[in-house]
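What follows is a set of notes on a single structure, which appears directly below.
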Amino acid sequence: MAIQQQIQQAAIDSLEKLYGKTFTAKDFQINKTKPEFAGDYTIVLFSLLKPLSKSPDALGNELGKHLTENHAQMFTSFNIIKGFLNLTVADSYWISVLINNYNNTSFGRGEAKHKKVMIEYSSPNTNKPLHLGHLRNNFLGWSIAAIIKANGYDTVKTCIVNDRGVHICKSMIAWQLFASGATPQSTNTKGDHFVGDYYVKFNDEYKKQVEELIEGGMKKEDAEKEAPIMKATQQMLLDWEAGKPEVMELWKEMNSWVYAGFDETYKRIGSDFDKIYYESNTYLLGKKTVQEGLSKHVFIQKEDGSVWIDLTADGLDEKIVQRKDGTSVYITQDIGLAQQKYEEYKIDQSIYVIGDEQNYHMKVLQLICKKLGLPYADGIYHLSYGMVELPTGKMKSREGTVVDADDLLDEMENVARKKTEDLGKVKDFTAEELKELYKTISLGALKFYLLRVDPIKKMIFNPEESIDFHGYTGPFIQYTHARIKSILRKEKAQDSSIIQGTGLLPLEKELLIELENYPTVIEQACNEHDPSHLANYIYTIAKTYNSFYTEHSVMKAESEEKKQLRLFICELTANVIAGGMQLLGIKVPERM
RNA sequence: GGUCCGGUAGCUCAGUUGGAUAGAGCAUCAGCCUUCUAAGCUGAGGGUCAUUGGUUCGAAUCCAAUCCGGAUCACCA
């Protein structure tokens, strides 16, 4: 049990014995004691004063005395300032935490919950390469899945590939018009970029045609519909739906180019999936649901045949679920897919990592599922995240300000190489080791930069800041880990018996108090679906360790006892840093 | 216009769910490498927590109103 809960429980027991009243954890708070006061943890007494009709001093003294007398092993002293009861926890407690966990690889992991959680993330369109926004999604999705797993849940990582629709046909048409048979191989271009270029070409051509039509006297709206290239695209979509062989063939080929490109990038950033759904297989799902909804009178059919749900009573709008021509819309497909996920995996919870522009859509999805009485409705959770913007404003593909994922990764890797070469600490590395290190550092920097922020907030991506390897960054933490490992290569912690009764210096104690909190942070990150808590926490650990490192020598410690103690502290710190970073999808090097 | 989200140091962000004198990093300034990796450490300056009112022992945190920014409200996905 975490120390905070232990204190709370001890206080509840003491209060019961002292005053015969039963309190719960919600009735009062335990906080970490502010550094300017003596003590480690603080019981805030204010909320207890009234029910017990006690003055802060009287209650503090009685409770403090009772706690220290009955838990002499745990608390060594107390003091009261205003309504705050500050308790000092015995050094021996922190040392026992250290000894019990220094080489415990499952430290911080939760017990098996026997529940299954599906995490849908990434979900790209197959008409253009991945960009910075996708990276935030991928890092978030991967990390939250790892965190959920660490808390003892079974996880299924999944991805729904948007591989059909008008946007795909646009690239296809442009390729037919302009490529004269070119392929990624023939042009030596990464497949997703190759296809993305034709998507851009489509838009250029489309724009040109619309302008020409407007000059010829057509209204803007009509011109947008009548442009030949757009009409060809619409026709292609119909042909695709009809399964016309040459269209299907082109579609399959172009998608295969994109997948080859995606695979490369996914491999590079570490994204992986247990199950991939393709929209071309799922877009017809949900039709059954429409029938069910009608018979349950959750949906209503209008005169023209279209089917709707009225959500005005819930503060939303009327929403269409099936077109008058009988085809299903986006939301219906999603209901169908949700159903399929549930049937295939019997999941207890389904997390969707999707941008906040779809908040409304996800709200509607869950609400409809609830109204239909579907068993998985309550398990739907939208992990909504804000847009990534540049210091100059939003990324706009039309203005060419979109930050391409592959380009960014290349650039970061170059910076990592340059900085590593400048420092010259790993000159003995082989070319292969160096390559691996540059990748580790650059990806660590990028992932940490994107994950350290609360997902719900939109964030500014400052290119200069993101390649800074000092301060609140991934490389700072990686560097701290490498420093620890450098010590542990010289000597390992071995004799835990001689540190049992040793005393702790302030920085040693502070570090142990923070390390003890690791399991609580992992749990919180899981409950709040927020890896940034973990990122912040690891940073704090690294920072405290670095202070400790400068202040106290390990190898030249004052005594053998101190040396062993610090070696154990090094072990545990390294484990927590490596384990925590792993949950963010970030590797930590042995040397850098 | 309706709904939802955000507003904390010059910039980027934390703030343990209502607790003590609001914290980090970057940037600026001043120090620290003959001592386990200086991608580090120590210190300084920098704040009307958007505004106003309310709730109470106590508010950046909860409530209300206002201001600013964003998203969304398609027979697109």
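Proteins come first, then strands; the chains are lettered A, B, ... in the order of their sequence lines, and each starts at number 1.
- Geometrically, A:Lys419 engages A:Phe469 in a cation-pi contact, judged by NZ or CZ lying under 6.0 Å from the ring centre and within 45° of the ring axis.
- For the C1' atoms, the distance from B:U16 to B:U61 is 12 Å, rounded to whole Å.
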Might you work through the salt bridge (charged side-chain N to carboxylate O under 4.0 Å, His left out) test for A:Glu413 and A:Arg417, ending with a clear yes or no? CA-CA 6 Å; A:Glu413 219 166 292; A:Arg417 179 175 49 76; over 6 Å; no
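- In this entry the distance linking CG of A:Asn536 with C1' of B:U12 reads 13 Å, nearest Å.
- Using a 4.0 Å cut-off, some side-chain N or O of A:His470 falls inside it from OP1 or OP2 of B:G40.
- Nucleotides B:A59 and B:U51 have their P atoms positioned 15 Å apart, rounded to a whole Å.
- Minimum atom distance to the side chain of A:Ile460 is reached by B:C13, of the listed B:C13, B:G69, B:G40.
- Positionally, the nearest nucleotide of RNA chain B for A:Asp454 lies more toward the 5' end than for the other of A:Asp454 and A:Lys50.
- Between A:Phe476 and A:His470, a ring centre-to-centre spacing not shorter than 6.0 Å is recorded.
- Residues passing the side chain to side chain contact (heavy atoms under 4.5 Å, CB included) test with A:Thr573 are A:Ile484, A:Leu511, A:Leu515, A:Ile541, A:Tyr545, A:Ile569, A:Ile577, sequence neighbours excluded.
- With sequence neighbours excluded, the residues that form a salt bridge (Lys or Arg N to Asp or Glu O under 4.0 Å) with A:Lys370 are A:Asp378.
- Looking at A:Glu558, A:Glu491, A:Glu560, A:Glu571 one by one, the single match for salt bridge (charged side-chain N to carboxylate O under 4.0 Å, His left out) with A:Arg566 turns out to be A:Glu558.
- Remark: A:Arg452 pairs with A:Phe448, A:Tyr449, A:Glu465, A:Tyr472, A:Ala535 by the side chain to side chain contact (heavy atoms under 4.5 Å, CB included) rule, at least two apart or across chains.
- Using bins of under 30°, 30° to 60° and over 60° for the plane-to-plane angle, the ring pair A:Phe202/A:Tyr206 lands in the parallel bin.
- Rounded to an integer number of Å, the gap from A:Asn546 CG to B:G25 C1' is 14 Å.
- In this structure B:C33 sits in the syn conformation; its chi angle is within 90° of 0.
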Secondary structure of RNA chain B in dot-bracket form (Watson-Crick or G-U wobble, distances below 3.5 Å, | marking inter-strand pairs): (((((((..((((.....[...)))).(((((.......))))).....(((((..]....))))))))))))....
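- The same atom, P, is picked in B:G58 and in B:A20; the two are 14 Å apart, to the nearest Å.
- Distances shown here put every side-chain N or O of A:Arg566 at or beyond 4.0 Å from the OP1 or OP2 atom of B:C36.
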Output one line per pair: protein atom, nucleotide atom from nucleotides 27-29 of chain B, and distance, for all N/O pairs under 3.5 Å.
none

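- Base contact: A:Phe469 has a heavy atom under 4.0 Å from a base atom.
- Listed by chain and residue number, A:Glu226 satisfy the side chain to side chain contact (heavy atoms under 4.5 Å, CB included) test with A:Lys231 (two or more places apart in sequence, or in another chain).
- A:Tyr352 carries A:Lys341 over the face of its six-membered ring, with the cationic atom under 6.0 Å from the centre and within 45° of the normal.
- With sequence neighbours left out, A:Ser559 forms a side chain to side chain contact (heavy atoms under 4.5 Å, CB included) with A:Glu561, A:Lys562.
- If you check every strand for non-hydrogen atoms under 4.0 Å, A:His552 touches a base.
- Taking the centre of each ring, A:Trp251 and A:Tyr278 stay at or above the 6.0 Å mark.
- Protein atom CG of A:Leu311 is 15 Å distant from nucleotide atom P of B:C4, rounded to whole Å.
- Between the C1' atoms of B:G45 and B:A24, the separation comes to 16 Å (whole Å).
- Nucleotides B:A60 and B:U8 are separated by 7 Å at their C1' atoms, to the nearest Å.
- Across the protein-nucleic acid pair, A:Leu383 atom CG and B:C5 atom P stand 16 Å apart, rounded to whole Å.
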5' to 3', nucleotides 16-24 of chain B under a 4.0 Å protein heavy-atom cut-off (B base, S sugar-phosphate only, - none) gives -BSBB---S
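- Contact check on A:Asp428 versus A:Arg591 returns a salt bridge, with a Lys/Arg side-chain nitrogen under 4.0 Å from an Asp/Glu carboxylate oxygen.
- Taking atom C1' on both B:C73 and B:G15, the two are 34 Å apart, rounded to the nearest angstrom.
- Taking A:Lys225 as the reference, nothing meets the salt bridge (Lys or Arg N to Asp or Glu O under 4.0 Å) condition, with sequence neighbours excluded.
- As rounded to the nearest Å, B:A27 and B:A64 have P atoms that lie 42 Å from one another.
- Rounded to whole angstrom, the span from the CD atom of A:Glu464 across to the P atom of B:G10 amounts to 20 Å.
- The same atom, P, is picked in B:G1 and in B:U66; the two are 11 Å apart, to the nearest Å.
- Within 4.0 Å of A:Glu389, counting heavy atoms only, lies no atom of the nucleic acid at all.
- Closest to the side chain of A:Ser486, from the set B:C36, B:U3, B:C13, is B:C36.
- A:Thr473 comes within 4.0 angstrom of no nucleic acid atom, judged by non-hydrogen atoms across all strands.
- Atom-to-atom, CZ of A:Arg591 to C1' of B:G40 comes out at 18 Å; the value is rounded to the nearest Å.
- For A:Lys543, the salt bridge (Lys or Arg N to Asp or Glu O under 4.0 Å) test picks out no residue, with sequence neighbours left out.
- Across all strands shown, A:Met459 has heavy atoms under 4.0 Å from sugar-phosphate atoms exclusively, and none from any base.
- Between A:His533 and A:Glu528, the shortest heavy-atom distance links the atoms CE1-OE1, 2.7 Å.
- If you find the closest nucleotide of RNA chain B to A:Ile456 and to A:Val554, the one lying nearer the 5' end belongs to A:Ile456.
- At a threshold of 4.0 angstrom between heavy atoms, the contacts of A:Ile441 include nucleobase atoms, whether or not backbone atoms are also involved.
- If you take CG of A:Leu534 and P of B:A14, they are 15 Å apart, rounded to a whole angstrom.
- Against the 90° criterion about 0, the sugar-base torsion of B:U17 places it in the syn range.
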Which parts of nucleotides 71-77 of chain B does protein reach within less than 4.0 Å, heavy atoms only, written one letter per nucleotide 5' to 3' as B for base, S for sugar-phosphate only and - for none? SSS-BSB
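- Going from atom CD1 of A:Ile484 over to atom C1' of B:G40 covers 13 Å, rounded to whole Å.
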Distance-only criterion, 3.5 Å: show the donor-acceptor pairs between side-chain atoms of residues 164-172 of chain A and protein atoms not counting sequence neighbours.
unit_1   : atom_1 : unit_2   : atom_2 : d
A:Arg164 : NE     : A:Glu279 : OE2    : 2.9

